[in-house]
Amino acid sequence: MAAHMTPEEFRRAGHAVVDWIADYWSALPERPITSPAPPGAVSAALPAAPPERGEPVEAVLADLDTLVTPHLTHWQHPGFFGYFPANTSGPSVLGDLVSAGLGVQGMLWATGPACTELETAMLDWLADLLDLPKRFRSDGPGGGVIQDSASSAALVATLVALHRASGGRWREVGIDRRYRAYTSTQGHSCIEKAARIAGLGDEGVRVVEVHPDSLAMSPAALRAAIEADRAAGVVPALVVATVGTTSTTAIDPLPEIGAICAEYGIFLHVDAAYAGAAAVCPELRFGHAGLEHADSYCFDPHKWLLTGFDCDAFWVADRSELIEALSVLPEYLRNAATESGAVIDYRDWQVPLGRRFRALKLWFVLRWYGVEGLRAHIRSGVALAARFAERVRADERFELVAPHPYSLVCFRLRADDAVNAELLARVNATGRVHLTHTRVADRYTLRLAVGSPQTAQAHVDEAWRLLAEAAESLLPR
């Protein structure tokens with residue numbers, strides 16, 4: 001049997017791994033972003049069983065080079081413009097390394113006091129950095145917590161909303177009436193999944209129409225949907241408004257939506273998974289107008305704020321509701337600190353019991369970059385997207401399909417869907433850039449999302465050059 005890795009062996013292996021990651025990052029611009037290999041290529045190359053005897057780290061690193069990295073989609077590549085960014089950074093990786101090394105289980109304050117208190121402080125730092133309403137801070141009635149994703153935040157918000165709408169009966173008896181959640185046609189699929197998990201089913205979500213130009217939720221349509229449900233005996237429980245929708249970064253009108261939720265006593269969750277990071281810049285806080293109406297709010301530092309997945313920042317305006325809805329206290333978790341009521345036990349703020357020390361990577365990132373560095377990163381992405389949009393606007397063959405308030409540009413050729421799909425396929429096949437698509441007004445639309453920390457003006461210009469060259473052969477002037 002191989003011996004446990006000693007601290008000295010770990011030190012040597014750790015240096016080798018850090019060197020490998022640094023080399024990977026350095027060589028990224030030269031790699032094709034996606035792999036041409038067919039499904040099953042990695043599985044076929046792996047041994048059928050684990051080794052009988054332990055192997056050195058060098059052997060594993062060698063296989064990383066031959067088996068793993070050639071078959072990845074490289075999300076940190078400077079030409080990766082697909083989906084939304086999934087940033088990581090050196091400080092984030094180092095923070096995760098420390099978290100893994102400590103191996104802390106942060107389910108209770110008592111199981112890791114610094115794990116809990118650092119997280120509370122980081123969420124307060126972020127609340128101030130984004131200029132969130134004061135009631136979201138931990139020294140008020142609310143507070144923040146790190147979830148794994150905006151999907152989990154939506155699920156937790158759904159559960160708290162059901163607890164409120166049922167007057168507390170949901171916790172004891174479950175779904176005893178018909179409840180409804182509302183989001184726009186542009187809302188994220190996680191809202192539908194949350195409704196399924198919570199027991200509402202697909203019929204428990206009512207999709208609200210959007211304004212055709214802005215693609216933002218229509219308050220009039222929301223009010224009509226709520227009143228129709230109430231007349232039918234359905235209890236409106238939750239509205240999920242989105243700041244920066246996935247397809248086009250549309251911004252739902254929080255002042256009007258918030259007023260409607262207040263009028264009917266409906267829980268309002270605001271999903272700013274991607275765009276919330278922009279609020280570190282004072283001039284990019286326009287999406288947060290009306291946020292004082294929200295009962296909960298989330299954004300993902302792991303998208304556009306240089307913090308590796310998984311790290312969703314989730315705040316509630318009233319933590320007592322959240323804790324009352326989710327707290328379960330078996331005898332084996334009882335302890336003096338919890339009984340005192342003087343501490344936060346984050347197990348009560350999420351679905352799982354266990355939790356990693358995720359605040360460390362956030363702490364490392366915030367301290368390494370500082371406010372100035374984070375703002376520079378966001379502003380760079382917005383400026384590069386604006387530069388690309390100007391290229392689109394100036395070319396009569398192309399059209400912009402939606403506003404671009406952040407760092408996503410939605411555009412298409414003035415041609416049919418098949419031509420636009422072929423344009424995307426040809427550009428992505430170069431391996432130099434990677435874009436994705438969506439449908440806007442039922443038309444095939446290309447998306448270019450800037451966000452990788454390595455992305456510079458040259459990479460955005462190369463994307464435009466490749467698009468323009470492909471358009472030349474597809475749609476001659």
Side-chain angles (χ1 to χ4, degrees), residues 2 5 13-90 92-93 96-97 100 148-149 151 189-190 193 246 300 302-303 308-310 417-418 420-438 444 446-455 459 462-463 465-467 469-470 473-474:
M5 184 180 279
H15 282 300
V17 170
V18 169
D19 284 344
W20 185 92
I21 294 172
D23 289 343
Y24 168 75
W25 285 344
S26 297
L28 259 183
E30 310 311 316
R31 290 183 180 273
I33 298 175
T34 56
S35 168
V42 177
S43 301
L46 289 170
E52 285 296 325
R53 295 182 177 276
E55 298 177 335
V57 167
E58 288 75 17
V60 180
L61 294 179
D63 283 348
L64 276 178
D65 288 327
T66 58
L67 294 179
V68 177
T69 51
H71 300 289
L72 288 176
T73 297
H74 299 285
W75 282 69
Q76 309 307 316
H77 193 288
F80 184 89
F81 301 116
Y83 308 101
F84 280 137
N87 287 165
T88 192
S89 64
S92 176
V93 171
D96 251 343
L97 177 62
D148 57 11
S149 62
S151 297
S189 59
C190 71
K193 182 179 284 188
T246 303
D300 292 339
H302 67 233
K303 281 192 169 71
F309 188 87
D310 53 352
D417 286 358
N420 277 280
E422 178 62 21
L423 174 67
L424 179 66
R426 289 191 186 186
V427 169
N428 284 352
T430 66
R432 298 298 307 153
V433 299
H434 187 77
L435 283 68
T436 53
H437 83 280
T438 187
Y444 193 99
L446 279 68
R447 300 169 73 260
L448 179 137
V450 182
S452 168
Q454 291 200 43
T455 299
H459 304 108
E462 182 178 26
R465 179 181 61 78
L466 293 170
L467 285 159
E469 289 175 357
S473 60
L474 288 168

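No hydrogens, no waters, no symmetry mates; every other heavy atom, side chains included, goes into these values.
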Results of side-chain contact (heavy atoms from CB on, under 4.5 Å) for Val57 - residues two or more places apart only | Met5, Ala13, Val17, Leu61

Just wondering, do Leu435 and Leu467 contact through their side chains at under 4.5 Å, heavy atoms?
-> yes

If you measure from CG on Asn87 to CZ on Phe309, what distance do you get to the nearest 0.5 Å?
-> 13.5 Å

Residues in side-chain contact (heavy atoms from CB on, under 4.5 Å) with Leu97, at least two apart?
-> none

Between CG on residue Asn420 and OH on residue Tyr444, distance to nearest 0.5 Å = 8.0 Å

State which residues pass salt bridge (Lys or Arg N to Asp or Glu O under 4.0 Å) with Glu469; sequence neighbours excluded, sorted by chain then number.
-> Arg465

Under the side-chain hydrogen bond (donor to acceptor under 3.5 Å, both in side chains) rule, what pairs show up with a residue in residues 76-86, not counting sequence neighbours?
-> none

For Glu422, which residues count as a side-chain hydrogen bond (donor to acceptor under 3.5 Å, both in side chains) partner, sequence neighbours excluded?
-> Arg426

What closest approach, in Å, do Thr88 and Gly308 show between heavy atoms, and which atom pair accounts for it?
-> OG1-CA, 3.8 Å

To the nearest 0.5 angstrom, please state how far the CG atom of Leu424 sits from the OG1 atom of Thr436.
-> 7.5 Å

Keeping the roles fixed (side chain from Asp148, backbone from Asp310), state whether a donor-acceptor pair exists under 3.5 Å.
-> no

How many angstroms lie between atom CD1 of Ile33 and atom CZ of Arg432, to the nearest 0.5 angstrom?
-> 7.5 Å

From Ser43 atom OG to Leu67 atom CG, the distance as rounded to the nearest 0.5 Å | 10.5 Å

Sequence-distant partners of Asp23, salt bridge (Lys or Arg N to Asp or Glu O under 4.0 Å), two or more places apart | none

Using the test side-chain contact (heavy atoms from CB on, under 4.5 Å), find all partners of Pro70 that sit at least two apart in sequence or belong to another chain.
-> none

Non-neighbouring partners of His74 that pass ring pair (Phe, Tyr, Trp, His ring centres under 6.0 Å), sequence neighbours left out | Tyr24

Residues at least two apart in sequence or cross-chain that pass ring pair (Phe, Tyr, Trp, His ring centres under 6.0 Å) with Phe80, listed by chain then number, are Trp75, His434

Any side-chain donor-acceptor pair under 3.5 Å between Arg447 and Thr438?
-> no

With Gln454, which residues qualify under side-chain contact (heavy atoms from CB on, under 4.5 Å), at least two apart?
-> Trp25, Leu28, Pro29, Pro78, Ser452

Tell me, do Asp63 and Val68 make a side-chain contact under 4.5 Å, heavy atoms counted?
-> no

Output all residues satisfying salt bridge (Lys or Arg N to Asp or Glu O under 4.0 Å) with Asp96, sequence neighbours left out; order by chain, then residue number.
-> Arg356, Lys361

Sorted by chain and number, sequence neighbours left out, salt bridge (Lys or Arg N to Asp or Glu O under 4.0 Å) with Asp19 holds for none

Point-to-point distance, once rounded to the nearest 0.5 Å, from OG of Ser35 to CG of Leu72 | 8.5 Å

